[in-house]
Structure formats: C-alpha cells, structure tokens
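Okay, so here's the structure we're looking at.
Each residue takes its place number in the sequence, starting with 1. Bear in mind the structure is a predicted one, so any value in this text is a computation, not a measurement.
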Amino acid sequence: MPFLQKPPELGNQYEDDFALRSYLSRVLPVDVLADVQPALMHMGERAGGELYRLQLVDRENEPVLTQWDAWGNRVDHIEVTPVWKRAERLAAEQGLVAAAYERKHAAFSRVHQFALAYLFTASTDLYSCPLAMTDGAARALLAAGNERLIGRAVARLTSRDPRRFWTSGQWMTETAGGSDVGLTETAARQENGAWRLYGRKWFTSAITSQMALTLARPEGNPAGGRGLALFYVETRDQQGRPNRILVNRLKDKLGTRKVPTAELTLDGTPAELVAGSSDGVRHIAPMLNVTRTWNSVSACALMRRGLALARDFARKRVVFGAPLAEKPLHLDTLAGLQAELCGAFHLTFFVVELLGRSDAGQASEQQEQLLRTLTPVAKLLTGRQAVQVLSEAIESFGGAGYVEDTGLPVLLRDAQVLPIWEGTTNVLSLDALKALEAAGGLAALRRETGYLLQGVREPDLVRISARVEKALEQAEAWLAQAMKDGPAQVEAGARRFAMTLGRAVSLALVARHAQWSLEHERDARTLAAARRYAAHGVSLLAAVDADDSRLLARDG
Ligand SMILES: Cc1cc2nc3c(=O)[nH]c(=O)nc-3n(C[C@H](O)[C@H](O)[C@H](O)COP(=O)(O)OP(=O)(O)OC[C@H]3O[C@@H](n4cnc5c(N)ncnc54)[C@H](O)[C@@H]3O)c2cc1C
C-alpha cells in the first residue's frame, strides 16, 4: 500500500477549547455556567461532528437563484444549501438570537449567546451572517421603540420555534454609497398614504430573509446621511410573491459563497418608517453595533477552526522522521497563531460583556462609551487578524491546504470578508476616532486598562502591563500631536492608532486572564499567549506622516 495521509479531524469543539472554557469559568457565576454548559457541550459536539461532516459533503453546493417559473411568473426563488437549512433550524432551536433577548442570565446573556455562536459559526458556512442581521434588527427595532413593528417582527426574530423564526437583511450598500452611505439614491415616496421604495441595492446578503431594514431618502429630504430614513420591509407579500423586489442576480464572490448575496431593484416596494422620516443612519446604528460584534465573534471562530484542524494535522503528519507536532519551528508557528487568537478572543468577549451590560441596563456611562469605542476597534482588529491567521493556518497543511476538497481553502476565502463587510478597516478606524471624541479622549480607556491590570503580579505580566500603559500613553500623545498638525495627519494615522488601541487593550485583557488562570487553574497557557502576543508588537504608531503617504501612493 502506498502511504496515505490521515486527514485532520475535530473533536467536541467546546471540550477541546481550553481558552473558551477557562474564560467562561472566570466570567460566569457558578450557577450560570452550570446552566449554560450542557447547551455548549451539545453545540461543541455538533460543531466537531455532525455539522462538520455535513459541511464536507455539502462543499460544492451553492445557493441557486431561479428568477422565472415555468409559466413566465417572476418568482426569484433562492434555494439555499443543505447546511444552511440545517443551520436555520438549529439556530432557532438553540436560541442563537433568542438567548440575548430572553435575558435569562441578565447581563451575562450575551456571553451565553456568543459562546454558542462561537461554536456554531465555523461549522455552518457563515449562517452567522443572517443571524447577525437578525439580532441587529431586533435591537434596532427595540431601540426605536416602534410598538407596531416590535409586535409584528421582534417576537419572530427572537423566536426559538423554527416555524415562527424570521431572519432579517440589512440593505444599506448601493453602487454610489457603501461606506459613504449618505450617497444613497433609493427614494421613498408616499403613495395613497403608504411608503414605497424605488432604487437599487448593490449588496444584500441572506436575501432569503423574511424582512429587512433599509435606508431610503423620503422625497423632499436633503442630501446626505441626515436626509435618509430607516425603513422596514417585508420581502414577500401575503401570497408569498416577491414584494415588488427584483433579485437581479447573485454576486459571484471570492468567499462566503454559501451566503446568497444579491443585487436588488426595489420597484415600489411597500415599506414602513421605523423611527421618523430622517436620521436613518443614527437609527440603524444599534443594528451595526450588533452585527460588528458578530463579525468579531466570527473572526475568532474561523481562527479557532483553522487552529483546531492545524493542531490535529500536526499530530498526524510525519516529516523528517517525526510528527510536525514535535518540530520546534512548526510549534513556534502555531503558537504565534494561538496567541493572536487569544488576543482577539479576549477583546471580542470583553465587548460582548459590555454589550450584555448595556442590554440589561447595567452599564455605567463610562462602560457605554467603552462599548461604543471598542466595538469598531475589535471588529477592525479581529478581521485583520483572521486573514493573517488563516493564511498561515492554510500554509501549515502544506499543499493540502491549497486543495479544495480538503475543505481548507474556504476558511481563508471566507475570512477575507471579515475586514470588508460591516465597515472596512479604514472606515471603522475613523469611526473609533469619532467615538473617542464623544468620550472626551483616551482617559476612560486608560482608566479601564489600569483597572484590568491592577491584579497582575506575575513578573512577566507586570512587564507586559508596563508595555500596555506605555503604548496607550504614546497613542494619547500621538493623537494630541496629530490634532495640532491638522485633520490630514489624524486621518492618515487613524488605522495605526485604532490598531494600537486594539492591541493594547487586548493584551491587557490577556494579561488579566493569564494571572487569573495561573492562580485558579495553575495553567500557564494564557501567560505564554500574553508573552507571545506582546512580542508580536503593540504600538503601530511611528513618526510617519500624511505627506509620506501621498508620496508613496503616487504611481508612474
Ligand atoms: C460578501 C459581501 C456581502 C455584503 N453584504 C451586505 C449586506 O447584506 N448589506 C449591505 O448593506 N452591504 C453589504 N456588503 C457591502 C459592504 O458592507 C461594503 O462593500 C463595505 O461597507 C465597503 O463599501 P464599498 O464597497 O462602497 O467600498 P468603498 O467605500 O468604496 O471602499 C473602498 C476602499 O476605500 C476605503 N475607504 C472608504 N472610505 C474611506 C475614508 N474616508 N478614508 C480612508 N479610506 C476609505 C475602504 O476602506 C476601502 O478599502 C457586503 C459586501 C460583501 C463583500
């Protein structure tokens, strides 16, 4: 028999995940942990077993759009893949959205929900995309206080009954305006006392959803973001026909190919105002804060999947006389990836904790500001980390990582969307600056990191704490100087500034957890991750300026 390589396999993804279990042990009260653990064990078992196997079998399936039926009726039916059908049912039954709104565990309900989502996401072909928008829509409708729409939609968006459960889309991007959403061209007209929408939406994911929240400009409103209103749309009429919505085509994408992302024409689509006839961008903001948090959780979930497979492969693949898992250089490579995941995970779940407090009305003003600042920071940092970690994870399989029927390349392709949708890295860097301006600067963030690090005693962690504080001090000084130099300097450095904040806060969080884990679990793994993460660098702020950028960007 010729040599045959054993493929990588997955175990129970909850049981195998030391970082997740250790984090939950620290954060959740004992009774809450005991209550949520069985559901996490089940989800971990499914993620590494049934769902992962189904993903491999279903690998080549993609959503199919049928625009016309046999008799010439426009139907725009989209058939999703078997994994997506399974995922929809499971998501409802396991309360992947509902858990946050039932609030059984008060401020910890978001930790419960997102721990489930973290296990679910990598095994369900990014079904997290419609769940993110569903969660976001429920939060935006509740924040708007529109009782009719809350009664009509929120009960369905947060249902555990698969027959009642609805998902929601979020239609913002148009050809002219993606990041610059103020350029939205979709018009809203009142006809016979009801609103109708006319326009073209350029990226609309999970287009099988029953409803969507979207932006349009009521006739007569001024140009720009303030003149837009937030509208509620149901995608099908009472007979199940498209609600004056044409699906022009599905996007042919680099990744997320299981997610049906469509281009739409709204041709007199009936719609309802969610919260007044202007300030739509402000009214959709609660949705974006939730979808961005889902994005950060998805980034961690994909990194974790890449690493879980890479670790198992390293035990099985023998090179130069020994398994890869015994080769110091291979171990060093994987350790670097695990450290990045550890930083991303702690930052993401810190945001999740803050979101839970905010939902439960338990967040102080300072915590609300931190949530507002760290949501874009976590999204932008973890999105970039996911691309880098998954690129390296793919390489760790050698040639097999590049071959489609191993099921590995899709991880990298899917990860590449994470820094793009829900706001690109640059756009979120500018958003983080805006949030800091509203918070009155970095003082609160520095106070919070000081608080996080106050219990750190292990000598390496004390040294790491000093680095965190130095990086934040530098960031504050950089911002003060850039503001004196003018807006071009601030904008040019915004990404490096936001990344620095993200790396500093995540390192502080890893250090805090490392100390706890040493004391309570006698485990040095998080300490090792903290050292490694710090060695990868904290501050990205150097004395480069906007003039350099202009010079380097010139071609020819
Ligand atoms: C798979 C997929 C699914 C999607 N699904 C949806 C969906 O369901 N609903 C929806 O509404 N949208 C969706 N989008 C759209 C997505 O949110 C936008 O593509 C994204 O926000 C970027 O907008 P844009 O394409 O207009 O790019 P642009 O805004 O044109 O950005 C181009 C580049 O310019 C940079 N840039 C933009 N502004 C600035 C600035 N001020 N300073 C510095 N740099 C800047 C960006 O970072 C980017 O690198 C989806 C996109 C993808 C890829």
task = Could you go through the side chain to side chain contact (heavy atoms under 4.5 Å, CB included) check for Val351 and Ser296 one step at a time?
result = CA-CA 9 Å; Val351 171; Ser296 303; over 6 Å; no
ask   = Do Thr214 and Thr186 pass the side chain to side chain contact (heavy atoms under 4.5 Å, CB included) test, and can you show the C-alpha distance, the side-chain angles, and the key distance before you say yes or no?
value = CA-CA 10 Å; Thr214 188; Thr186 298; 6.0 Å; no
key: Verdict with supporting geometry, Leu51 and Val83, side chain to side chain contact (heavy atoms under 4.5 Å, CB included)   = CA-CA 8 Å; Leu51 292 171; Val83 169; 5.8 Å; no
message = Working note: Ser358 + Glu368, criterion side chain to side chain donor-acceptor pair (under 3.5 Å); need CA distance, chi angles, decisive distance, verdict.
response = CA-CA 7 Å; Ser358 174; Glu368 289 288 356; 3.1 Å; yes
request  = Test side chain to side chain contact (heavy atoms under 4.5 Å, CB included) on Trp166 and Thr134 and set out the steps.
outcome  = CA-CA 8 Å; Trp166 274 7; Thr134 302; over 6 Å; no
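For the residue pair Thr261 / Ser205, a side-chain donor-acceptor distance below 3.5 Å is found, with atom types taken as modelled. Between the side chains of Asn243 and Arg236, no donor N or O sits under 3.5 Å from an acceptor N or O. Between Asn221 and Ser278, the side chains place no donor N or O within less than 3.5 Å of an acceptor N or O (distance only, hydrogens not considered). With hydrogens and angles left out, the side-chain atoms of Glu448 and Gln367 include no donor and acceptor closer than 3.5 Å. Checking Asp135 against Gln113 by side-chain atom types alone, a donor-acceptor pair falls below 3.5 Å.
In this structure, the separation between CD on Gln474 and OG1 on Thr500 is 8.5 Å, given to the nearest 0.5 Å.
Within the 3.5 Å criterion, the main-chain N or O of Pro222 finds a donor-acceptor partner in the side chain of Arg217. Using a distance-only test at 3.5 Å, with no hydrogens or angles considered, no donor-acceptor pair links the side chain of Ser391 to the main chain of Val387. Using modelled atom types, one side-chain atom of Ser539 and one backbone atom of Leu541 make a donor-acceptor pair closer than 3.5 Å. Using modelled atom types, no side-chain atom of Thr406 and backbone atom of Tyr402 make a donor-acceptor pair closer than 3.5 Å. Panel note: side chain Thr269, backbone Arg244; a donor-acceptor pair is recorded below 3.5 Å. His283 places a side-chain N or O within donor-acceptor distance of the main-chain N or O of Ala275, the cut-off being under 3.5 Å. Looking only at distances, a side-chain donor or acceptor of Gln67 sits under 3.5 Å from a matching main-chain atom of Val247. Here the side chain of Lys379 pairs no donor or acceptor atom with the backbone of Leu374 at under 3.5 angstrom. A distance-only check finds a donor-acceptor pair linking the side chain of Ser429 to the backbone of Thr425 [under 3.5 Å]. Between the side chain of Ser506 and the backbone N or O of Ala344 there is no donor-acceptor pair closer than 3.5 Å.
You'll find the side chain of Leu266 reaches within 4.5 Å of the side chain of Trp171, heavy atoms only. Phe397 places none of its side-chain heavy atoms less than 4.5 Å from the side chain of Val403. At least one side-chain heavy atom of Leu381 sits less than 4.5 Å from a side-chain heavy atom of Leu347. Under the 4.5 Å side-chain criterion, counting only non-hydrogen atoms from C-beta, Met43 is not in contact with Tyr14. Here the side chains of Val281 and Val181 are in contact, with some heavy-atom distance below 4.5 Å. Within the 4.5 Å cutoff, no side-chain heavy atoms of Val377 are placed close to those of Met499. Contact annotation: the side chain of Leu501 approaches that of Leu442 to within less than 4.5 Å [non-hydrogen atoms, C-beta and beyond]. The side-chain heavy atoms of Ile284 and Met287, taken from C-beta on, include a pair separated by under 4.5 Å.
Look at Arg86 and Asp58 and you find no salt bridge, because none of the NZ, NE, NH1 or NH2 atoms lies under 4.0 Å from a carboxylate O. Between Lys201 and Glu174 there is a salt bridge, with a side-chain nitrogen of the basic residue lying less than 4.0 Å from a carboxylate oxygen of the acidic one. A salt bridge does not link Asp125 with Arg59: none of the charged nitrogens is closer than 4.0 Å to a carboxylate oxygen. Between Asp16 and Arg311, no side-chain nitrogen of the basic residue sits less than 4.0 Å from a carboxylate oxygen of the acidic one, so the salt-bridge criterion is not met. Salt bridge present: Lys85 and Glu79 bring a charged side-chain N and a carboxylate O closer than 4.0 Å. Salt-bridge annotation for Glu263 and Lys251: present, with a side-chain N of the basic residue lying under 4.0 Å from a carboxylate O of the acidic one. Residues Glu404 and Arg413 are paired through a salt bridge, judged by an N-O separation under 4.0 Å between the basic side chain and the carboxylate.
Under the 6.0 Å distance and 45° angle rule, Arg305 counts as a cation-pi partner of Tyr52. A cation-pi contact links Arg503 to Tyr533, judged by a cut-off of 6.0 Å to the six-membered ring centre and 45° from its axis. Stacking of Arg156 on the aromatic ring of Tyr101 is not recorded, the 6.0 Å distance cut-off and the 45° axial limit not both being met.
Taking every heavy atom of both residues into account, Leu215 and Leu228 meet most closely at CD1-CD1, 4.3 Å. Closest approach of Val111 to Phe349, counting heavy atoms only: O-CE2, 4.3 Å. The two atoms that bring Leu371 and Leu355 nearest to each other are CD1-N, 3.8 Å, heavy atoms only. Contact detail for Ala504 and Val468: the closest heavy-atom pair is O-CG1, 3.6 Å. Minimum interatomic distance between Leu507 and Ala530 (heavy atoms only, all atoms of both residues): CD1-O, 3.6 Å. Of all the heavy atoms in Arg257 and Pro63, the pair that sits closest is O-CD, 3.1 Å.
Aromatic ring pairs are classed by plane angle as parallel below 30°, tilted from 30° to 60° and perpendicular above 60°; the pair His513 and His346 is tilted.
The one candidate from Asn295, Thr291, Asn289 that meets the side-chain hydrogen bond (donor to acceptor under 3.5 Å, both in side chains) condition with Glu422 is Thr291.
Within the 6.0 Å centre-distance limit, the rings of Phe114 and Trp294 are counted as a close aromatic pair.
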